[in-house]
Amino acid sequence: MSTNAELATIFERMAAMLELLGEDRFRVNAHARAARAIEGLSGDVAEIAENEKALTSIDGIGAKTAKKIREYVETGRVHEHDELLAKVPAGLLEVLDVPGLGPKTVRMMWMEKGVESIADLKRILDDGSILELPRMGEKTVQNIRESLAFAAKSSERIRLGDALPIAERLVARLEKVKGVQRVAYAGSLRRGRETIGDLDILVSAKDGAAAREAFTGMEGVEKVLASGEKKSSVRLQAGKISVQADLRVVDDAAFGAALMYFTGSKEHNVRLRERAIRMGMTLNEYGLFPETEGEKPPQEQGVKPVASRTEEEIYEALGMAFVPAELREDQGEVSDGWETPELVEVSDVRAELHAHTTASDGVMSIVELAQCAKARGFHTIAVTDHSKSSVIAGGLDEARLRKHIEQVREANGRVKGITILAGSEVDIHADGSLDYDDELLAELDVVVASPHAALRQETKEATKRLLRAVAHPLVHVLGHPTGRIINRREGLQPDMNAIAAAAAEHGTALEINCNHLRLDLRDRDVRIALEHGALLALNCDVHAEEDFDELRYGVLTGRRGGLTPERCINTWGAKKLHGWLKKKRGG
DNA sequence: GCCGTTTTCGGCCCGACTGTTTTCAGTCG
Ligand SMILES: Nc1nc2c(ncn2[C@H]2C[C@H](O)[C@@H](COP(=O)(O)OP(=O)(O)OP(=O)(O)O)O2)c(=O)[nH]1
Ligand SMILES: [Mg+2]
Ligand SMILES: [Mg+2]
Ligand SMILES: [Zn+2]
């Protein structure tokens with residue numbers, strides 16, 4: 001784990017433990033915010049900590065937190081964290097993770113019943129002594145039982161690529177309900193996070209009850225977790241995937257405000273609401289309102305909102321530039337002077353530079369592949385089958401590759417309206433050397449170099465390995481740089497700042513592999529790459545026709561990292577792209 | 001613990017649903 005991740009975890013845990021000790025909730029929040037701030041840094045916190053002012057200039061990090069960070073960098077410990085660990089039983093944090101159990105209840109169980117772990121919780125459930133606690137009745141006990149049983153089964157976040165199609169089906173379903181006006185998915189899904197915790201769906205309707213009934217009665221609903229006039233939650237089974245879905249129902253006039261609220265992130269919302277307060281207004285999911293007297297919230301006082309119909313109006317009324325959903329992560333976008341970047345879009349992409357054919361592990365011929373790419377309006381498709389050491393994937397030895405190159409040239413002559421490039425996805429060996437010699441690589445129009453094996457290397461080794469590939473004069477693109485598989489394999493954890501700097505120096509593009517299992521580079525690494533001035537490649541790693549549709553996941557990832565079309569080689573026109581490729585061929 | 005379009009002290013986002021309560025605390029979004 002990186003120092004950043006370690007420190008973020010420490011502050012996160014400190015927040016939880018302070019909460020269990022009954023500490024002031026604003027102090028608790030401050031620790032949680034510090035954790036987020038550290039987590040969001042693109043640079044190494046240990047390096048930043050060398051500069052006295054640099055740490056405290058980060059929003060959410062003050063003098064006290066900075067001191068703790070420096071203590072950790074110097075000694076490997078945060079003594080206040082150690083002190084908390086001595087006070088709060090480790091197992092209690094797991095009890096806090098049980099849905100429905102919050103800090104107040106868990107603290108009560110701990111103090112009154114000596115609960116220090118999930119096992120202890122089960123004990124007081126079984127012997128009935130849990131009922132002796134205040135505000136604890138039969139229903140609550142039953143809910144805790146069910147939460148425990150369900151949490152044991154699964155609590156993993158769902159991959160974006162698995163969640164988005166399910167959400168789209170839900171949206172289509174709800175759009176058909178009578179009285180429903182507009183439907184949109186929101187939450188982390190709309191922000192394009194690589195994994196999502198639940199499906200958040202917003203509906204505007206003349207008849208809210210109909211929307212609610214349709215939602216809770218939908219096919220696949222296993223359990224209705226809550227259902228009121230304005231929001232409902234269910235647990236859904238969709239194929240093998242079990243996921244929570246939240247529905248929010250609002251008046252159509254408040255759709256923009258509600259979409260803004262429900263898209264989040266939570267931290268972005270809080271920053272916006274604080275900004276509204278400073279400007280003498282109130283922001284909630286019903287709109288941006290002028291300051292009002294009275295106890296009741298403005299929407300219940302019949303106060304006319306300053307803005308509520310669209311997100312654009314609300315950002316404008318807050319004196320801000322519009323923030324694309326992917327950037328609503330409280331990473332500085334709510335500050336004065338922030339400007340909307342022109343982020344890359346799916347329709348900008350006009351070339352695929354990473355695709356396999358039946359020569360290795362693809363299912364299409366060269367011509368079929370080219371026709372698919374052409375149908376998508378691409379001007380260029382690169383055929384990049386696997387290299388010889390990728391045995392399971394049917395990698396090509398030198399002789400087969402030479403023949404394959406000839407076949408690509410021949411197909412390129414035959415298929416009009418698209419350029420078919422001869423390439424390879426050449427394996428990067430554990431030591432950073434490539435799977436073909438330079439003479440052969442020089443014959444290829446495009447070389448994507450990717451790691452496939454030895455993905456558990458230490459950071460130092462992994463960095464050295466990838467740096468060697470990036471600096472190779474014949475390599476155009478570093479493919480799926482870490483080799484991670486979301487929720488399954490961590491992959492390499494190289495020093496991304498070093499890789500990005502080298503990529504910029506050598507004019508090598510870093511791939512965002514769009515496959516939803518990979519999304520590699522990930523969002524944060526895209527940002528690091530751009531900060532160093534590197535180019536990015538949005539590649540679908542096509543094996544079959546439907547893989548072209550993975551593009552949107554990569555685009556979302558790129559957008560989260562701030563990717564603009566200029567920095568993404570797949571958006572360039574044919575001439576510019578081909579010229580760039582030839583620069584590494586002495587042209 | 002952090003921070004400043006009115007503040008270097010005194011605020012800190014705001015609302016829906018549930019279960020247990022007899023008026024609202026707790027949890028979650
Ligand atoms: N203002 C405000 N909005 C919140 C709060 N919690 C959640 N929201 C909003 C923003 C979230 O993006 C949105 C959906 O909540 P979720 O818990 O589903 O979070 P989100 O989808 O961002 O992440 P997830 O992947 O589901 O864990 O609701 C909160 O405490 N305050
Ligand atoms: Mg969500
Ligand atoms: Mg949710
Ligand atoms: Zn590939």
Side-chain angles (χ1 to χ4, degrees), chain A residues 11 14-15 18-19 23-37 55-69 80 96-109 131 133-144 147 186-188 197-202 208 212 216 224-234 244-250 254 257-258 260-289 291 295-300 318-319 330 334-336:
Chain A
F11 280 99
M14 287 178 78
L18 287 167
E19 210 166 23
E23 278 278 350
D24 175 65
R25 68 195 164 97
F26 300 108
R27 232 184 118 224
V28 171
N29 269 346
H31 282 78
R33 188 178 173 193
R36 295 279 316 205
L55 273 181
T56 48
S57 73
I58 299 164
D59 283 342
I61 298 181
K64 292 226 178 65
T65 302
K67 192 146 176 278
K68 286 168 203 161
I69 292 172
E80 278 187 47
L96 202 51
D97 283 338
V98 176
L101 293 186
K104 293 277 163 39
T105 312
V106 175
R107 177 173 166 76
M108 187 67 73
M109 289 173 171
L131 285 163
L133 292 171
R135 305 190 62 83
M136 197 55 75
E138 289 294 346
K139 280 188 181 167
T140 304
V141 166
Q142 188 53 30
N143 286 340
I144 296 171
S147 283
S188 51
D198 66 358
L199 307 171
D200 299 297
I201 313 276
L202 175 66
R212 164 186 175 177
T216 54
V224 178
L225 302 169
S227 183
E229 214 179 307
K230 294 166 173 148
K231 62 189 265 198
S232 301
S233 286
V234 301
Q244 181 172 328
D246 292 343
L247 180 78
R248 194 67 210 251
V249 184
V250 296
M260 185 179 226
Y261 150 73
F262 215 22
T263 298
S265 63
K266 175 191 168 188
E267 291 74 15
H268 179 81
N269 288 352
V270 171
R271 293 288 95 74
L272 291 181
R273 289 170 182 209
E274 286 171 351
R275 188 181 173 94
I277 291 171
R278 283 201 304 276
M279 295 175 75
M281 298 187 282
T282 304
L283 176 64
N284 59 32
E285 59 265 52
Y286 300 100
L288 179 64
F289 295 90
E291 210 160 19
E295 289 282 287
K296 286 201 284 185
Q299 66 275 9
E300 287 174 27
L318 286 169
D330 186 27
V334 184
S335 316
D336 282 331

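Order of the sequence lines sets the chain letters (A, B, ...), proteins ahead of strands, with each chain counted from 1.
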Mind checking [X] for me? I need base, sugar-phosphate or nothing, with any heavy atom below 4.0 Å counting as a touch.
X: A/D24; answer: base
X: A/E138; answer: sugar-phosphate
X: A/R27; answer: base
X: A/P134; answer: nothing
X: A/K67; answer: nothing
X: A/Y286; answer: sugar-phosphate
X: A/R248; answer: sugar-phosphate
X: A/Q244; answer: sugar-phosphate
X: A/N269; answer: nothing
X: A/N143; answer: sugar-phosphate
X: A/L96; answer: nothing

Item to complete: Determine the minimum heavy-atom distance between A/S232 and A/R212, stating which atoms define it.
Response: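 In this case the closest contact between A/S232 and A/R212 is OG-CG, 3.8 Å.
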Item to complete: Search all heavy atoms of A/Q244 against all heavy atoms of A/S233 and return the closest pair with its distance.
Response: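 Heavy-atom minimum between the residues: NE2-OG, 3.8 Å.
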Could you tell me how far [M] sits from [N] if I compare only their [atom1] atoms? Round to whole Å.
N: B/dC14; M: B/dC9; atom1: C1'; answer: 24 Å
N: B/dT20; M: B/dG26; atom1: C1'; answer: 11 Å
N: B/dT27; M: B/dT21; atom1: P; answer: 15 Å
N: B/dG1; M: B/dT6; atom1: P; answer: 28 Å
N: B/dT18; M: B/dT23; atom1: C1'; answer: 15 Å
N: B/dG4; M: B/dT8; atom1: C1'; answer: 8 Å
N: B/dC13; M: B/dT5; atom1: P; answer: 15 Å

Worksheet item: For B/dT8, which nucleotide in any strand shown is its Watson-Crick or wobble partner with both distances under 3.5 Å?
Response: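 Base-paired to nothing in any strand shown.
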Side-chain polar contacts of residues 55-67 of chain A - donor-acceptor pairs under 3.5 angstrom, sequence neighbours left out - could you list them?
unit_1 : atom_1 : unit_2 : atom_2 : d
A/T56  : OG1    : A/K53  : O      : 3.3
A/S57  : OG     : A/A54  : O      : 2.8

Worksheet item: Going 5' to 3' on DNA chain B, which nucleotide is the first and which the last to come under 4.0 Å of a heavy atom in chain A?
Response: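 The contact span of chain A on DNA chain B goes from B/dG1 to B/dG29.
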When rounded to the nearest 0.5 angstrom, what is the spacing between [atom1] in [X] and [atom2] in [Y]?
X: A/L96; Y: A/E19; atom1: CG; atom2: CD; answer: 6.5 Å
X: A/L247; Y: A/L202; atom1: CG; atom2: CG; answer: 8.0 Å
X: A/L288; Y: A/L318; atom1: CG; atom2: CG; answer: 5.0 Å
X: A/N29; Y: A/R36; atom1: CG; atom2: CZ; answer: 12.5 Å
X: A/L272; Y: A/Y261; atom1: CG; atom2: OH; answer: 13.5 Å

Discussion item. For residues 268-277 of chain A, which residue pairs pass the salt bridge (Lys or Arg N to Asp or Glu O under 4.0 Å) check, not counting sequence neighbours?
Written reply: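 Sorted result for residues 268-277 of chain A: A/R271-A/E274, A/R271-A/D330, A/R273-A/E285, A/R275-A/D336.
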Fill in: With sequence neighbours excluded, residues passing salt bridge (Lys or Arg N to Asp or Glu O under 4.0 Å) with A/E229
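Once residues adjacent in sequence are excluded, A/E229 has no partner under the salt bridge (Lys or Arg N to Asp or Glu O under 4.0 Å) criterion.
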Practice prompt. By nearest nucleotide on DNA chain B, pick out whichever of A/K139 and A/A30 is the more 5' one.
Written response: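 Of the two residues, A/A30 wins.
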Discussion item. Let me spell it out: for each of A/T282 and A/L101, pick the nucleotide of DNA chain B with the closest heavy atom. Which residue's pick is nearer the 5' end?
Written reply: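 Nearest nucleotide further toward 5': that of A/T282.
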Worksheet item: Near DNA chain B, which residues from residues 224-233 of chain A have a heavy atom under 4.0 Å away?
Response: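 By residue number: A/A226, A/S227, A/G228, A/E229, A/K230, A/K231.
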Practice prompt. Would you list the pairs meeting side chain to side chain donor-acceptor pair (under 3.5 Å) in which at least one residue belongs to residues 133-144 of chain A, sequence neighbours left out?
Written response: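 Listed by first then second residue: A/Q142-A/E146.
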